[in-house]
Protein chains: 2
Amino acid sequence: MTVLEWDPYDRNCPSRQVLDRVGDRWTVLVVGALAAGPMRFSELAERVDGVSQKMLTQTLRNLERDGLVTRTMYAQIPPRVEYELTDSGTTLQLPMKALEDWTKEHMRGIMAARYEYDLHKAELPKP
Amino acid sequence: MTVLEWDPYDRNCPSRQVLDRVGDRWTVLVVGALAAGPMRFSELAERVDGVSQKMLTQTLRNLERDGLVTRTMYAQIPPRVEYELTDSGTTLQLPMKALEDWTKEHMRGIMAARYEYDLHKAELPKP
DNA sequence: TATGCTACTCTCTTTTAGTAACCATTGACC
DNA sequence: GGTCAATGGTTACTAAAAGAGAGTAGCATA
């Protein structure tokens with residue numbers, strides 16, 4: 001099966017699930033954070049502000065399952081666990097960073113558009 | 001405020017919300033679909049397989065609010081509504097397509113990684 | 001009179017995310 | 001001996017979001 005045959009627009013294609021995953025809210029941030037190098041669980045939790053332990057664990061497990069990050073446990077007390085992007089995960093960095101950069105570059109325009117939209121819609125309340 | 005000052009890793013930064021939005025499951029597919037040109041609501045609903053009317057409406061409203069798509073209503077019976085990417089929305093196409101392409105290119109590897117992961121985890125059931 | 005078309009909108013149910021408390025392990029401290 | 005802290009989780013409960021399905025407007029055609 002070549003690349004051309006995967007179609008995320010088809011809800012039954014496995015690529016749909018994968019696209020859902022990589023386009024996930026926390027995945028983008030976790031992969032972005034790991035771009036800087038290996039990180040401990042607690043470092044990630046701090047860097048990705050607002051993520052709960054549960055969601056961070058879940059996101060990391062999914063990334064691990066998809067072969068995008070490795071999980072290395074050091075048998076110490078207290079325990080230490082490091083997460084690192086695999087080669088495959090590193091390639092994901094680029095599209096994710098592109099998304100992050102696009103967001104930063106278009107923030108002003110978006111905020112302005114929102115302001116205007118909300119202004120106009122406020123003029124048309126429901127009868 | 002320059003681009004450098006937006007930080008989506010901070011949960012209170014507005015760029016976080018915007019990144020959440022553009023990294024949204026349906027947004028990626030809707031923008032990808034609209035890349036082919038203007039489309040009617042029903043065409044989008046068909047192309048983006050599995051999206052509910054509710055979610056499609058919501059996604060389009062959000063994109064419209066952010067100034068990424070325009071909504072043109074033709075006063076006919078039955079009604080006709082066309083959605084089209086704005087210039088700003090067109091720039092979003094690139095990072096989204098990058099994500100879509102990455103997904104397609106890495107599908108095989110990911111499926112293989114999942115298979116192996118599930119195999120190993122099955123060997124370690126909870127006591 | 002009945003039916004169909006389109007682009008929604010509303011209500012209800014199910015799934016998912018978020019919150020907060022708890023766990024195991026060991027050393028330091030009182 | 002009991003308590004606390006640190007780390008990387010898990011579990012139970014609740015709030016929010018998504019999905020399913022029916023309903024709506026307004027006119028045209030059968």
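Residue numbers start from 1 in every chain, and the chains themselves are labelled A, B, ... in the order their sequence lines are given, proteins ahead of strands. It should be emphasised that the depicted structure is a prediction, and the values quoted were computed from it without experimental measurement.
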Any donor-acceptor pair under 3.5 Å linking the side chain of [X] with the backbone of [Y]?
X	Y	answer
A:D20	B:R25	no
A:R47	A:M39	no
A:T103	B:L19	no
A:R21	A:D66	no

Could you list, one pair per line, each protein nitrogen or oxygen that sits under 3.5 Å from a nitrogen or oxygen of nucleotides 1-3 of chain C, together with the distance?
none

Measure the distance from [atom1] on [X] to [atom2] on [N] and round it to the nearest whole Å.
X	N	atom1	atom2	answer
A:F41	D:dA6	CZ	P	16 Å
A:D20	C:dT15	CG	P	16 Å
A:E43	D:dG9	CD	P	13 Å
B:R80	C:dC8	CZ	C1'	17 Å
B:E64	C:dA7	CD	P	15 Å
A:E82	D:dG9	CD	P	12 Å
B:R40	C:dC5	CZ	P	12 Å
B:R16	C:dG18	CZ	C1'	14 Å

Stepwise side-chain contact (heavy atoms from CB on, under 4.5 Å) test for A:V81 and A:R71: CA-CA 7 Å; A:V81 180; A:R71 179 176 186 273; 3.8 Å; yes
Table of protein N/O atoms under 3.5 Å from nucleotides 24-30 of chain C N/O atoms:
none

Touch class at under 4.0 angstrom, heavy-atom based, for B:Y74 against every strand present: nothing
Pairwise N/O distances under 3.5 Å, protein to nucleotides 17-24 of chain D:
| unit_1 | atom_1 | unit_2 | atom_2 | d |
| --- | --- | --- | --- | --- |
| D:dA18 | OP2 | B:Q58 | OE1 | 3.4 |
| D:dA18 | N7 | B:K54 | NZ | 3.3 |
| D:dG19 | OP1 | B:R25 | NH1 | 2.8 |
| D:dG19 | OP2 | B:W26 | NE1 | 3.2 |
| D:dG19 | N7 | B:K54 | NZ | 3.0 |
| D:dG19 | O6 | B:K54 | NZ | 2.9 |

Partner residues of A:P38 under the side-chain contact (heavy atoms from CB on, under 4.5 Å) criterion, sequence neighbours left out: A:E82, A:E84
Residue list, side-chain contact (heavy atoms from CB on, under 4.5 Å) with B:E46, at least two apart or on another chain: none
Cluster link A:M73 to A:I77, ILVMFWY, side chain under 4.5 Å: no
From CA spacing to verdict: side-chain contact (heavy atoms from CB on, under 4.5 Å), A:Q93, A:T90: CA-CA 5 Å; A:Q93 242 180 265; A:T90 305; 3.4 Å; yes
Proximity to the side chain of B:R61 - top-ranked nucleotide from D:dG9, C:dT9, D:dT7: C:dT9
ring-ring contact (aromatic ring centres under 6.0 Å, His included) contacts touching residues 67-105 of chain B (sequence neighbours left out): B:W102-B:H106
Candidate pair A:Y9 and B:L29, rule side-chain contact (heavy atoms from CB on, under 4.5 Å), full reasoning: CA-CA 7 Å; A:Y9 290 93; B:L29 294 169; 3.8 Å; yes
